[in-house]
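Worksheet: one structure, shown below.
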Amino acid sequence: EVQLQASGGGLVQAGGSLRLSCAASGLDFDEYAMAWFRQAPGKERDLVACTSSISRGDGKTHYSDSAKGRFTISEDNARKTVYLQMNALKPEDTAVYFCAAERNFCSAWSVEYDFWGKGTQVTVSS
């Protein structure tokens with residue numbers, strides 16, 4: 001059984017930082033693109049960042065325009081964990097953040113992802 005366990009959310013003031021973690025089990029981590037999406041109340045679930053599989057994709061990282069320069073996605077293959085370091089947080093970053101896995105390539109389309117973790121709430125106060 002594939003499980004993605006996200007953690008690290010919380011309440012932070014604007015300008016602060018958080019690091020989200022997503023521990024994966026039950027899948028061949030090297031063969032999956034790992035992504036972070038977020039969903040604010042009443043809005044679509046949007047891609048924040050993704051890192052493609054090295055073995056089956058291009059091995060590159062991809063960021064939304066809002067995440068570029070502030071957020072960094074990284075992986076620890078030994079721990080099968082993907083991280084999202086979020087710096088210079090803004091109130092508009094407030095959302096539930098989800099990690100997801102897609103076999104091969106990063107995609108901005110949530111429907112293309114095979115597995116999802118439960119979300120972790122990030123709240124940024126002004």
Side-chain angles (χ1 to χ4, degrees):
E1 179 187 7
V2 174
Q3 289 190 339
L4 301 177
Q5 184 66 48
S7 61
L11 173 64
V12 64
Q13 288 189 332
S17 298
L18 282 174
R19 189 177 81 154
L20 307 183
S21 300
C22 176
S25 61
L27 55 73
D28 190 337
F29 194 70
D30 291 341
E31 294 193 352
Y32 281 80
M34 299 299 298
W36 288 96
F37 281 77
R38 68 186 183 187
Q39 188 167 20
K43 295 192 175 181
E44 300 284 321
R45 188 171 295 190
D46 293 326
L47 178 70
V48 176
C50 184
T51 178
S52 283
S53 160
I54 292 175
S55 62
R56 300 176 71 94
D58 61 10
K60 295 181 179 179
T61 55
H62 306 268
Y63 295 94
S64 67
D65 287 343
S66 63
K68 285 177 185 175
R70 300 188 299 129
F71 295 1
T72 302
I73 189 170
S74 61
E75 290 182 313
D76 183 333
N77 288 329
R79 290 188 168 90
K80 292 188 176 183
T81 300
V82 60
Y83 303 98
L84 184 68
Q85 177 66 45
M86 303 187 294
N87 299 328
L89 283 161
K90 304 175 182 179
E92 51 264 44
D93 295 317
T94 295
V96 178
Y97 284 70
F98 299 88
C99 62
E102 198 277 332
R103 194 169 176 87
N104 302 330
F105 295 96
C106 285
S107 171
W109 302 102
S110 61
V111 294
E112 296 193 7
Y113 285 77
D114 302 302
F115 304 106
W116 290 86
K118 293 182 180 179
T120 185
Q121 176 72 46
V122 171
T123 303
V124 184
S125 63
S126 57

(request) To the nearest 0.5 angstrom, please state how far the NZ atom of Lys90 sits from the OG atom of Ser126. (result) 14.0 Å
(request) Among Ile, Leu, Val, Met, Phe, Trp and Tyr joined by side-chain contacts under 4.5 Å, find the other residues sharing a cluster with Leu11 and list them by chain and number. (result) none
(message) I'd like to check the ring-ring contact (aromatic ring centres under 6.0 Å, His included) partners of Tyr97; sequence neighbours left out, ordered by chain and number.
(response) none
(message) I need the Met34 CE to Thr81 OG1 distance, nearest 0.5 Å.
(response) 8.5 Å
(request) Output every pair passing salt bridge (Lys or Arg N to Asp or Glu O under 4.0 Å) with a member in residues 100-126, not counting sequence neighbours, ordered by first then second residue. (result) Glu31-Arg103
(request) State, with a plain yes or no, whether a side-chain heavy atom of Tyr63 is found less than 4.5 Å away from one of Ile73. (result) yes
(request) Taking salt bridge (charged side-chain N to carboxylate O under 4.0 Å, His left out) as the test, write out the residues that go with Asp76, two or more places apart. (result) Arg79
(request) Might you point out which heavy atoms bring Leu84 and Phe71 nearest each other, and give the distance in Å? (result) CD1-CB, 4.1 Å
(request) Taking all heavy atoms of Val122 and all of Gly9, pick out the closest pair and write down the distance. (result) CG2-CA, 4.1 Å
(message) For Asp65, give me all partners under side chain to side chain contact (heavy atoms under 4.5 Å, CB included), at least two apart in sequence or on another chain.
(response) Lys68
(request) Would you check if Phe115 and Tyr32 make a side-chain contact, meaning some heavy-atom pair closer than 4.5 Å? (result) yes
(message) What I'd like to find out is whether the side chain of Phe98 reaches to under 4.5 Å of the side chain of Leu4, using heavy atoms alone.
(response) no
(message) Within the 4.5 Å heavy-atom criterion, are Val96 and Phe37 side-chain neighbours or not?
(response) no
(request) Output all residues satisfying side chain to side chain donor-acceptor pair (under 3.5 Å) with Ser17, sequence neighbours left out; order by chain, then residue number. (result) Asn87
(message) Please find the pair of heavy atoms, one from Thr120 and one from Ala6, that lie closest to each other, and give the distance.
(response) CG2-CB, 4.3 Å
(request) Treating Ile, Leu, Val, Met, Phe, Trp and Tyr as nodes and any side-chain heavy-atom pair under 4.5 angstrom as an edge, say whether Leu20 and Phe29 lie in one connected cluster. (result) yes
(message) Tell me which pairs pass disulfide (SG to SG under 2.5 Å) where either residue lies in residues 58-126, with sequence neighbours left out.
(response) Cys22-Cys99, Cys50-Cys106
(message) Give me the atom names and distance for the closest heavy-atom approach of Ser52 to His62.
(response) OG-NE2, 3.9 Å
(request) Tell me, please, which residues at least two apart from Ser25 pass side chain to side chain contact (heavy atoms under 4.5 Å, CB included). (result) Gln3
(message) Clusters formed by hydrophobic residues whose side-chain heavy atoms approach within less than 4.5 Å: which one holds Val111, and what are its other members?
(response) Trp109
(request) Output all residues satisfying side chain to side chain donor-acceptor pair (under 3.5 Å) with Gln121, sequence neighbours left out; order by chain, then residue number. (result) Thr123
(request) Hey, could you give me each pair passing salt bridge (Lys or Arg N to Asp or Glu O under 4.0 Å) that has a residue in residues 35-45? Not counting sequence neighbours. (result) Arg38-Asp93
(request) Spell out, yes or no, whether Val12 and Val48 are grouped together once hydrophobic residues are joined by side-chain heavy atoms under 4.5 Å, including indirect joins. (result) yes
(request) Determine yes or no for a side-chain-to-main-chain donor-acceptor pair under 3.5 angstrom, with Tyr113 supplying the side chain and Ala33 the backbone. (result) no
(request) Not counting sequence neighbours, which residues clear side chain to side chain contact (heavy atoms under 4.5 Å, CB included) with Ala14? List them please. (result) Pro91, Val124
(message) More than 12 heavy atoms of other residues, nucleotides or ligands under 6.0 Å from CD of Gln5: yes or no?
(response) no
